[in-house]
Amino acid sequence: MAQQLKALKCEDPLPLNQSERLNSALISWFEEFGKNYPWRSTNDPYEILVSEMMLQQTQVSTVLERGYYRKWLERFPDFKALSSAAEEEVLRAWEGLGYYSRARNLHKIAIAVMKDFEGVFPSDLSLIEGLPGIGQYTAGAVASFAFNAAVPAVDANIARVLARLFEFTERIDTSGGQKQLWKWASGLVPQSGARSWNSALMELGQTLCKAKSVQCQECPAVSWCLSENPLELPVKKSRPEITEIQEYVVFAFEGKRVLLEKETGRRRKGMWKLPERAAESLSGLNLLTVQKYGITRYRVTMNVYEAKKESALENEQWFSIEEVENLPMPSPYRRVLQKIIKV
DNA sequence: TAGCCGTGGCT
DNA sequence: TAGCCAAGGCT
């Protein structure tokens with residue numbers, strides 16, 4: 001049967017009968033083995049959008065088991081509630097998930113939905129894709145999951161499955177590679193049942209057709225799969241080299257208040273952290289603790305010094321312990337404060 | 001296009 | 001263990 005798929009490597013879409021048989025094999029498998037995530041048992045665009053934003057570059061277990069999704073929906077149950085929240089509270093609810101622009105964009109989307117769409121999330125793909133923080137994947141995911149629109153949604157899982165299914169040996173992290181994957185995905189997505197189809201394909205990549213391991217003998221698509229060595233696919237450029245850097249911050253605690261600095265740049269914007277200082281200015285101060293963490297392509301060693309008589313610089317403010325608990329703070333700094341003052 | 005943006009789980 | 005990876009998007 002793999003030969004039949006081979007014929008359509010160049011010619012898309014798949015011959016109709018093959019496409020339908022693959023579809024029904026996948027759907028049957030998904031109905032039997034697919035996991036019942038909370039966002040799979042709702043049609044609410046808001047609940048689905050929240051899950052999609054949280055799941056960008058983030059594993060399901062993190063979103064689910066650490067309670068982010070449930071707590072978010074309790075605190076911000078719909079677009080209206082989210083739109084009227086302060087950004088600081090929105091970021092605090094996102095704390096620990098990383099990529100904080102996702103939270104700021106989700107907040108902006110809620111405001112746009114209330115202001116520009118009369119509180120109703122648009123079902124039109126191009127309107128969805130025009131919202132901040134929503135690209136081709138997330139637009140396709142929300143359109144198909146919430147509205148069952150017959151559109152593809154190629155995430156890392158589906159990209160891997162398709163690259164193997166079609167033995168695609170070119171790089172997938174280029175515009176050409178992406179274009180090919182989306183073309184295959186468009187040809188395969190059924191006119192009715194796109195919601196289940198996209199879920200099933202994703203689930204396959206998540207459970208059987210994983211990056212580092214495969215279970216082809218369990219795979220419902222094995223008869224169609226052209227890949228001889230699935231673990232060698234997909235092909236991507238390797239990650240940039242990790243650079244070690246030092247970070248020098250102060251823990252200034254006076255009159256039961258802590259000095260914090262607000263991030264204003266592109267990185268972790270809107271989050272509060274321990275104030276950064278030049279290394280030379282710290283001589284003579286007591287080194288309280290050292291915290292190592294990674295961020296993007298850096299391996300950071302954070303050196304925390306105990307400051308005396310510190311004065312607030314630009315973007316710096318004093319906060320009580322109670323206030324600190326409600327401020328959004330990147331995980332490494334929260335960890336340090338927890339060690340020092342149990343916040 | 002390639003670099004950037006966080007964090008934690010997995011092997 | 002240390003690198004790899006994850007329901008990506010923006011610039």
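Residue numbers start from 1 in every chain, and the chains themselves are labelled A, B, ... in the order their sequence lines are given, proteins ahead of strands. Since we're looking at a predicted model, the values are computed, not measured.
Side-chain contact annotation: A/D44 with A/T42, donor-acceptor N/O pair under 3.5 Å absent.
Taking a pair as Watson-Crick or G-U wobble with both distances under 3.5 Å, the runs of three or more consecutive pairs in DNA chain C are B:2-5 with C:8-11, B:7-11 with C:2-6.
A/R102 contributes a side-chain N or O that, together with a main-chain N or O of A/M53, makes up a donor-acceptor pair within less than 3.5 Å.
Residue A/R297 places no side-chain N or O under 4.0 Å from the OP1 or OP2 atom of B/dA2. Considering only side-chain N and O atoms, A/K210 lies nowhere under 4.0 angstrom from the phosphate OP1 or OP2 of B/dC10.
As a whole-Å value, the separation of A/R268 CZ from B/dT7 P is 6 Å. When rounded to the nearest whole Å, the span between CD of A/E232 and P of C/dC4 equals 16 Å. If you measure from atom NZ of A/K292 to atom C1' of C/dG3, you get 16 Å, rounded to the nearest angstrom. We find that NZ of A/K273 is positioned 12 Å from P of B/dG6, with the value rounded to whole Å. To the nearest angstrom, P of B/dT7 lies 11 Å from CD of A/Q291. Between A/E244 atom CD and C/dA2 atom C1' there is a gap of 12 Å when expressed in whole angstrom units. Here C/dC4 presents its P atom at 7 Å from NZ of A/K212, a figure rounded to the nearest Å. Rounded to a whole Å, the CE atom of A/M271 is 9 Å from the C1' atom of B/dG6.
Checking A/D173, A/T174, A/T169 one by one against A/R171, the side-chain hydrogen bond (donor to acceptor under 3.5 Å, both in side chains) holds for a single residue, A/D173. When the options A/E88, A/E261, A/E263, A/Q317 are evaluated for a side-chain hydrogen bond (donor to acceptor under 3.5 Å, both in side chains) with A/W272, the one that passes is A/E88.
Here A/I242 lies out of heavy-atom contact (under 4.0 Å) with every strand. Contact annotation for A/T174: no contact, since no heavy-atom pair falls under 4.0 Å across all strands. A/P240 comes within contact range of no nucleotide atom at all, as no heavy-atom separation falls under 4.0 Å. Contact annotation for A/Y293: no contact, since no heavy-atom pair falls under 4.0 Å across all strands. A/R335 comes within 4.0 angstrom of the backbone, heavy atoms only, and of no base.
One P atom belongs to B/dC5, the other to C/dA2, and the distance between them is 24 Å to the nearest Å. C/dA7 and B/dT11 have their P atoms separated by 13 Å, with the value rounded to a whole Å. Comparing C/dA6 with B/dT1, their C1' atoms are spaced 22 Å from each other, to the whole Å.
In this structure, the nucleotide among B/dT1, B/dT7, B/dC5 sitting nearest to the side chain of A/T296 is B/dC5.
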Working for side-chain contact (heavy atoms from CB on, under 4.5 Å), residues A/V300 and A/Q246: CA-CA 6 Å; A/V300 186; A/Q246 297 287 324; over 6 Å; no
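Within the hydrophobic cluster formed by Ile, Leu, Val, Met, Phe, Trp and Tyr side chains joined at under 4.5 Å, directly or through other members, A/W318 is accompanied by A/L259.
Ring to ring, A/W184 and A/F166 are close: their centroids are under 6.0 angstrom apart.
Place A/S213 and A/P330 on DNA chain B by their nearest nucleotides, and A/P330 ends up nearer the 5' end. Along DNA chain B, the nucleotide nearest A/R171 and the nucleotide nearest A/T62 are compared for position; the residue whose nucleotide lies closer to the 5' end is A/R171.
Interatomic distance, A/I27 CD1 to A/L22 CG, rounded to the nearest 0.5 Å: 9.5 Å.
The list of salt bridge (charged side-chain N to carboxylate O under 4.0 Å, His left out) pairs with a residue in residues 198-214 of chain A, not counting sequence neighbours, reads A/K35-A/E203, A/R40-A/E203.
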With a cut-off of 3.5 Å and sequence neighbours excluded, list every side-chain donor-acceptor pair involving residues 103-114 of chain A.
residue : atom : partner : partner atom : Å
A/R104  : NH1  : A/K269  : O            : 3.1
A/N105  : ND2  : A/S101  : O            : 3.2
A/H107  : NE2  : A/L82   : O            : 3.4
A/H107  : NE2  : A/A85   : O            : 2.9

Can you give each donor-acceptor pair under 3.5 Å made by side-chain atoms of residues 276-284 of chain A, sequence neighbours left out, with the distance rounded to 0.1 Å?
residue : atom : partner : partner atom : Å
A/E276  : OE1  : A/K273  : NZ           : 2.7
A/R277  : NE   : A/E310  : OE2          : 2.6
A/R277  : NH1  : A/E316  : OE2          : 3.0
A/R277  : NH2  : A/E310  : OE2          : 3.0
A/R277  : NH2  : A/E316  : OE1          : 3.0
A/S281  : OG   : A/A278  : O            : 2.6

Letter per nucleotide, 5' to 3', of nucleotides 6-11 of chain C [B base touched, S only sugar-phosphate touched, - untouched; heavy atoms, 4.0 Å]: BBBSS-
